[in-house]
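Notes follow the structure.
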Amino acid sequence: MTFQHKRLVLAFSLPLMISAAALIGLPTAAFGQSPAEEDKEVLYWYDPMVPQQKFDKPGKSPFMDMELIPRYADEGSDGASISIDPSVTQNLGVRLATVTRESISQSLEATGALMFDERDVAVVQARAGGFVERVYDRAPEDVIEKGAPLADLLVPEWAAAQEEYLALKGVGQPQLLAAARQRLRLAGMPPEVIVQLERTGKARPVWTVTSPIGGVLNSLDVREGMTLPAGASLARVNGLDTVWLEVAVPEAQIANLAPGQSVTARLPAFAGETLEGTIQTVLSQANLDSRTVRVRVELPNPQQRLRPGMTAEVTLSRNVEDALVIPTEAVIRTGRRALVMLAEDEGRYRPVEVRIGREFDEKTEVLEGLEAGQKVVASGQFLLDSEASLRGLTAQGLEEPATSTEPALHEAEGTIVSLEDGMVGLSHGPFKTLNMPGMTMSFPVADQSLLTKLQTGDHVRVGARESEEGLVIEHIEKLGGQR
């Protein structure tokens, strides 16, 4: 049933309910009625199905098989609200709710996928040109420990430098020995290889390349017998101590997500377990196809159970402080706007238009139209809205933001050439905001007091505003002496 159909049915049913209330002995002082109806002035009679048609006397409706209903003089006398007897509101199931201001704590459900932490990456390179003598039993996607050997490289350049260092070590010349040690470092020899040379006293030009971190061997680009130049890439290792969880969030839901907020993730691979993490960043680019924005979450992975490519169900907490809320059921949506029935003193009700925001936990955020402490109808509001429509009451629209229609003030500098008849003659420069070139002409002034203490020849800055009579000077500031 559409909203219009529902409203029509309710418009028809409400007067019948009131009539039924009278038949079963309930109070009938509703919508302006009282027990002594004969003492009230009847304005006219009407058919609730055709409320715009008015009749001067009671009787059968020419439109429907029902009696015409009287409209009393004191019904809705203020023209903006309807009156209902409190005893009838209880029988009609009218329930009120208070407009409250409270902190909103929302959670957003989304899906995501695990990825490598791209900040925990090690790229292994050849520190000097050489030959690959051995490649250890490794393959891409292997999980390796820190210090795991990857390949043995023969670096001929290191052989001569090591022999020179060992020879100078026996001479006892500290300065020469320090220079030889520096040459080893400049040749690309790692510190641990130099320490091993000093400890063993034997030259060893073969360098065993090891992984500087533990993690996944993403690539291994060496084979036995290869010749490598200095700087050639040997391997790439991604750490697993932390992983990234990238979550696709609808762009309309990211306004209250920020780095540092808590996140709970559940992985199908570990049923029954929850993982806690924090939002690291909200990425800057949206997906044009899905209209989502990726949120990056950092998850600790001390046992290295989490592997990139796994999926997760994610709960992201969002906090919105100090929001005005009402029960969602109190909102009447017409398709073009949202209304509520505002409860006032002495059993009066008035339709009010509101601008609503997010919905959460059966509550709706009110952005405009209500104030904290007011009461709205949370149950039975459709009956009241139908009766208000029958009486011609419409909700007042929200006020549009005021916009200034005052013309802009345009400024220029010039020299006073005459002061006559309340006019000021100016030889002025250009009014740049008007694209008006400099010239000599007379201007009227908005207030004659602006001309006091001014004389011919004064250099001034003026502010003029456009009017039906042309430019009118509203501001004059004296800049210096005569010219």
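Owing to the predicted nature of the structure, the values given are computational and were not obtained by experimental measurement.
- Rounded to the nearest 0.5 angstrom, Q280 CD and T278 OG1 are separated by 7.5 Å.
- One finds the OH atom of Y349 at 5.0 Å from the CG atom of L96 (value rounded to the nearest 0.5 Å).
- Rounded to the nearest 0.5 Å, atoms CG (L154) and CG (L228) are 11.0 Å apart.
- Within 6.0 Å of atom CD in E273, more than 12 heavy atoms from other residues, nucleotides or ligands are found, so the atom counts as buried in its surroundings.
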How far apart are the C-alpha atoms of T274 and T264, what are their side-chain angles, what is the distance that settles it, and do they pass the side-chain hydrogen bond (donor to acceptor under 3.5 Å, both in side chains) test?
-> CA-CA 6 Å; T274 58; T264 302; over 6 Å; no

Begin from the C-alpha positions of R266 and E313 and carry the test salt bridge (Lys or Arg N to Asp or Glu O under 4.0 Å) through to its verdict.
-> CA-CA 5 Å; R266 298 169 299 279; E313 296 293 328; 5.4 Å; no

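- When the shell of 6.0 Å around CD of E109 is examined, it contains more than 12 heavy atoms from other residues, nucleotides or ligands.
- Within 6.0 Å of the CD atom in E276, the count of heavy atoms belonging to other residues, nucleotides or ligands exceeds 12.
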Going through the distances and angles, do I279 and L316 end up as a side chain to side chain contact (heavy atoms under 4.5 Å, CB included)?
-> CA-CA 9 Å; I279 295 178; L316 301 99; 4.0 Å; yes

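- L153 is not listed as a side-chain neighbour of F131, based on a closest heavy-atom distance of 4.5 Å or more.
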Pair V143-Q304, side chain to side chain contact (heavy atoms under 4.5 Å, CB included): steps then yes or no = CA-CA 10 Å; V143 178; Q304 298 188 352; 3.9 Å; yes

Residue pair R95, E329: steps toward the salt bridge (Lys or Arg N to Asp or Glu O under 4.0 Å) verdict = CA-CA 11 Å; R95 177 167 48 85; E329 61 181 342; 2.9 Å; yes

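- Distance alone, capped at 3.5 Å, is enough to place a donor-acceptor pair between the R138 side chain and the P149 backbone.
- Among all heavy-atom pairs drawn from G239 and F116, the shortest one is O-CD2, 4.2 Å.
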Could you go through the side chain to side chain contact (heavy atoms under 4.5 Å, CB included) check for L267 and T311 one step at a time?
-> CA-CA 6 Å; L267 278 72; T311 59; over 6 Å; no

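- Looking only at side-chain heavy atoms (C-beta outward), V237 and V216 stay at 4.5 Å or farther from each other.
- When atom types are taken as modelled, the side chain of R305 and the backbone of P302 share no donor-acceptor pair closer than 3.5 angstrom.
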side-chain hydrogen bond (donor to acceptor under 3.5 Å, both in side chains) between T100 and T98, worked out = CA-CA 6 Å; T100 59; T98 303; over 6 Å; no

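- Listed by chain and residue number, nothing satisfies the side chain to side chain donor-acceptor pair (under 3.5 Å) test with S211 (two or more places apart in sequence, or in another chain).
- Note: E163 CD to L197 CG = 9.0 Å, rounded to the nearest 0.5 Å.
- Between T242 and P300 the shortest heavy-atom distance is CG2-CA, 4.3 Å.
- The number of heavy-atom neighbours closer than 6.0 Å to CD of E371, taken from other residues, nucleotides and ligands shown, is 12 or below.
- Annotation for G112 and V314: closest pair N-CG2, 4.3 Å, computed over non-hydrogen atoms.
- Under 4.0 Å is where a charged nitrogen must lie from a carboxylate oxygen, and between E368 and R337 no such pair does.
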List the steps, then state whether side chain to side chain contact (heavy atoms under 4.5 Å, CB included) holds for E466 with L409.
-> CA-CA 8 Å; E466 291 183 290; L409 190 69; over 6 Å; no

Please table the atom pairs, donor to acceptor, closer than 3.5 Å between any side-chain atom in residues 437-447 and protein atoms at least two apart or in another chain.
{"unit_1": "T440", "atom_1": "OG1", "unit_2": "S427", "atom_2": "OG", "d": "3.4"}
{"unit_1": "D447", "atom_1": "OD1", "unit_2": "S449", "atom_2": "N", "d": "3.1"}
{"unit_1": "D447", "atom_1": "OD1", "unit_2": "S449", "atom_2": "OG", "d": "3.1"}
{"unit_1": "D447", "atom_1": "OD2", "unit_2": "S449", "atom_2": "OG", "d": "3.1"}

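- Looking only at distances, a side-chain donor or acceptor of H459 sits under 3.5 Å from a matching main-chain atom of G414.
- In this structure, the side chain of Q125 engages the main chain of G231 through a donor-acceptor pair within 3.5 Å.
- Proximity of K432 to E411: side-chain heavy atoms (C-beta onward) are nowhere separated by under 4.5 Å.
- A122 and P212 make their closest contact through CB-CG, 3.5 Å (heavy atoms, listed as atom of the first residue, atom of the second, distance).
- Side-chain atoms of Q162 and R183 include no donor-acceptor pair closer than 3.5 Å.
- Comment: E474 engages R465 in a salt bridge, judged by a side-chain N to carboxylate O separation of less than 4.0 angstrom.
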Please test R185 against Q182 for side-chain hydrogen bond (donor to acceptor under 3.5 Å, both in side chains), starting from the C-alpha separation and ending with a verdict.
-> CA-CA 5 Å; R185 288 197 295 267; Q182 180 66 14; 2.2 Å; yes

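- Between L306 atom CG and L299 atom CG the span is 6.5 Å, to the nearest 0.5 Å.
- Using modelled atom types, no side-chain atom of T415 and backbone atom of D458 make a donor-acceptor pair closer than 3.5 Å.
- Annotation: the span from W244 atom CH2 to T281 atom OG1 amounts to 9.5 Å, rounded to 0.5 Å.
- You'll find the side chain of V331 reaches within 4.5 Å of the side chain of I326, heavy atoms only.
- For the pair S233 and V123, the tightest heavy-atom approach, listed with the atom from each and the gap, is OG-CG1, 4.2 Å.
- Within 6.0 Å of CD on Q285 lie no more than 12 heavy atoms contributed by other residues, nucleotides or ligands.
- The two atoms that bring Y136 and A151 nearest to each other are CD1-N, 3.5 Å, heavy atoms only.
- Listed for the W207 side chain is no donor-acceptor partner under 3.5 Å among the backbone atoms of V155.
- A donor-acceptor contact shorter than 3.5 Å is absent between the side chain of D152 and the backbone of R134.
- Between E246 and V295, the closest side-chain pair of non-hydrogen atoms is not below 4.5 Å.
- Listed for the D117 side chain is a donor-acceptor partner under 3.5 Å among the backbone atoms of R119.
- Checking side-chain atoms of N287 against main-chain N and O of D289 turns up a donor-acceptor pair under 3.5 Å.
- Residues E365 and I356 are not in side-chain contact: their nearest non-hydrogen atoms beyond the backbone lie 4.5 Å or more apart.
- With contacts defined as side-chain heavy-atom distances shorter than 4.5 Å, the pair V325/E102 qualifies.
- Using a 4.5 Å heavy-atom cutoff, the side chains of E118 and N238 are in contact.
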